[in-house]
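Inspection log for the structure reproduced underneath, given as structure tokens.
Note that the structure is predicted; figures quoted are calculated from it, not measured. For the single chain, residues carry numbers from 1 onward in sequence order.
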Amino acid sequence: MSKAVFPGSFDPVTNGHLDLIKRASKIFDRLVVGVLINSAKKPLFSVEERVEMIEELTSEFGNVTVQSFDGLLVDFVKMTDSDVIVRGLRTSQDFEYELPLAQTNYKLSDGTDTIFLATAPEHSYISSSAVKELLRYSADISDMVPAQVYKRLT
């Protein structure tokens with residue numbers, strides 16, 4: 001059975017995140033969405049709210065679970081008995097950022113691979129940071145986040 005972790009802060013979860021979760025859930029027998037607890041940042045939503053939203057959004061996927069975590073990703077991967085880390089790539093800059101992390105995780109975990117999924121073109125410009133910035137200026141973000149998330153943001 002293939003098991004993967006898709007980690008992130010998901011603050012807020014975007015349509016790009018949801019697309020990657022859906023696609024990864026078709027590739028792996030089990031997908032754990034790992035919601036990172038990052039005490040260095042002030043999130044829009046609590047970790048509990050983010051977990052709840054993702055659970056709601058992925059309830060139709062029978063093989064997706066959602067858990068929060070803090071600490072090293074490789075420890076979370078081990079704790080969930082997963083084999084692979086899934087990461088999304090929007091741009092070449094994402095790859096430059098993600099590659100050293102994937103290599104470090106491989107080394108620290110004694111062999112956990114990272115699989116990169118290219119973001120669908122219609123979502124390539126969306127990031128949680130951009131959504132937060134646009135929201136700050138009251139811009140229309142309705143096509144960037146799922147409807148349930150949009151309702152909580154507005």
Side-chain angles (χ1 to χ4, degrees), residues 2-82 84-98 101-102 105 114-154:
S2 61
K3 303 174 219 164
V5 166
F6 180 50
S9 61
F10 305 103
D11 186 48
V13 63
T14 68
N15 287 333
H17 291 135
L18 193 55
D19 178 61
L20 289 170
I21 292 167
K22 182 178 184 177
R23 291 166 48 208
S25 75
K26 292 178 183 177
I27 297 169
F28 298 98
D29 296 321
R30 184 179 66 118
L31 180 67
V32 179
V33 178
V35 180
L36 176 64
I37 301 168
N38 186 345
S39 59
K41 292 185 177 181
K42 176 145 176 39
L44 286 175
F45 296 106
S46 71
V47 68
E48 295 82 10
E49 289 173 310
R50 288 178 275 156
V51 166
E52 179 184 304
M53 282 187 279
I54 298 168
E55 285 176 337
E56 181 182 327
L57 292 165
T58 62
S59 63
E60 67 188 60
F61 310 140
N63 64 336
V64 175
T65 59
V66 186
Q67 291 180 243
S68 63
F69 76 100
D70 62 357
L72 293 176
L73 175 57
V74 293
D75 292 338
F76 182 66
V77 170
K78 187 179 209 177
M79 184 192 81
T80 60
D81 196 31
S82 297
V84 175
I85 299 165
V86 176
R87 297 296 290 161
L89 298 176
R90 292 170 303 187
T91 65
S92 59
Q93 288 84 6
D94 282 353
F95 181 74
E96 289 177 17
Y97 174 80
E98 292 288 347
L101 294 176
N105 287 332
T114 299
I115 302 289
F116 297 111
L117 292 178
T119 303
E122 64 269 22
H123 303 302
S124 63
Y125 68 98
I126 302 172
S127 70
S128 292
S129 298
V131 168
K132 286 189 264 195
E133 185 70 10
L134 292 167
L135 185 64
R136 189 171 148 215
Y137 293 102
S138 302
D140 181 12
I141 57 157
S142 60
D143 64 341
M144 297 179 189
V145 296
Q148 299 94 314
V149 175
Y150 183 74
K151 285 179 190 173
R152 289 184 184 220
L153 288 169
T154 57

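One distance of note links CG of L31 with OG of S25; it measures 6.5 Å at 0.5 Å rounding. With values rounded to the nearest 0.5 angstrom, I54 atom CD1 is found 5.5 Å from I21 atom CD1. The OG atom of S128 sits 11.5 Å away from atom CE of M144, with the distance rounded to the nearest 0.5 Å. The CZ atom of R50 sits 7.5 Å away from the CG atom of L36 when rounded to the nearest 0.5 Å. Separation of atoms OG1 (T14) and OH (Y125) is listed at 10.0 Å; rounding is to 0.5 Å. Atom OG1 of T154 is separated from atom CD1 of I141 by 7.5 Å, given to the nearest 0.5 angstrom.
V64 has its side chain within reach of V33: a pair of non-hydrogen atoms, C-beta onward, lies under 4.5 Å apart. Residues L153 and L44 form a side-chain contact, since some pair of their non-hydrogen atoms from C-beta on lies under 4.5 Å apart. Looking at K132 and S127, their side chains never come closer than 4.5 Å, going by heavy atoms from C-beta outward. Between V35 and Q67, every side-chain heavy-atom pair lies at or beyond the 4.5 Å cut-off. Residues Q148 and L57 meet the side-chain proximity criterion, which asks for heavy atoms closer than 4.5 Å. You'll find the side chain of S46 reaches within 4.5 Å of the side chain of E49, heavy atoms only.
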task: Kindly determine whether Y150 and D140 satisfy side chain to side chain contact (heavy atoms under 4.5 Å, CB included), including the steps that lead there.
output: CA-CA 10 Å; Y150 183 74; D140 181 12; 4.3 Å; yes
- request: For the pair V13 and V145, evaluate side chain to side chain contact (heavy atoms under 4.5 Å, CB included) and give the outcome as yes or no after the intermediate values.
  value: CA-CA 7 Å; V13 63; V145 296; over 6 Å; no
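Among all heavy-atom pairs drawn from G88 and T119, the shortest one is C-OG1, 4.5 Å. Here the closest heavy-atom approach between residue A118 and residue L20 is recorded as O-CD2, 4.3 Å.
Comment: E52 engages R152 in a salt bridge, judged by a side-chain N to carboxylate O separation of less than 4.0 angstrom.
At a cut-off of 3.5 Å, with distance as the only test, no side-chain donor of S9 or D11 sits close to an acceptor on the other residue.
Counting non-hydrogen atoms of neighbouring residues, nucleotides and ligands closer than 6.0 angstrom, the NZ atom of K3 exceeds 12 such neighbours.
When atom types are taken as modelled, the side chain of S82 and the backbone of V84 share no donor-acceptor pair closer than 3.5 angstrom. A donor-acceptor pair is defined here as one N or O able to donate and one able to accept, closer than 3.5 Å; such a pair exists between the side chain of T91 and the backbone of D94. For N15 (side chain) and D143 (main-chain N/O), a donor-acceptor pair under 3.5 Å exists by modelled atom type. Remark: side-chain polar atoms of S2 are paired, donor with acceptor, to backbone N or O of D29 under 3.5 angstrom. Checking side-chain atoms of R90 against main-chain N and O of I126 turns up a donor-acceptor pair under 3.5 Å.
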For residues 68-79, please give each side-chain donor-acceptor pair under 3.5 Å, one per line with the distance, not counting sequence neighbours.
none

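With sequence neighbours left out, E98 forms a side-chain hydrogen bond (donor to acceptor under 3.5 Å, both in side chains) with R87.
Applying the ring-ring contact (aromatic ring centres under 6.0 Å, His included) test to pairs two or more places apart or on separate chains, those with a residue in residues 16-38 are F10-H17.
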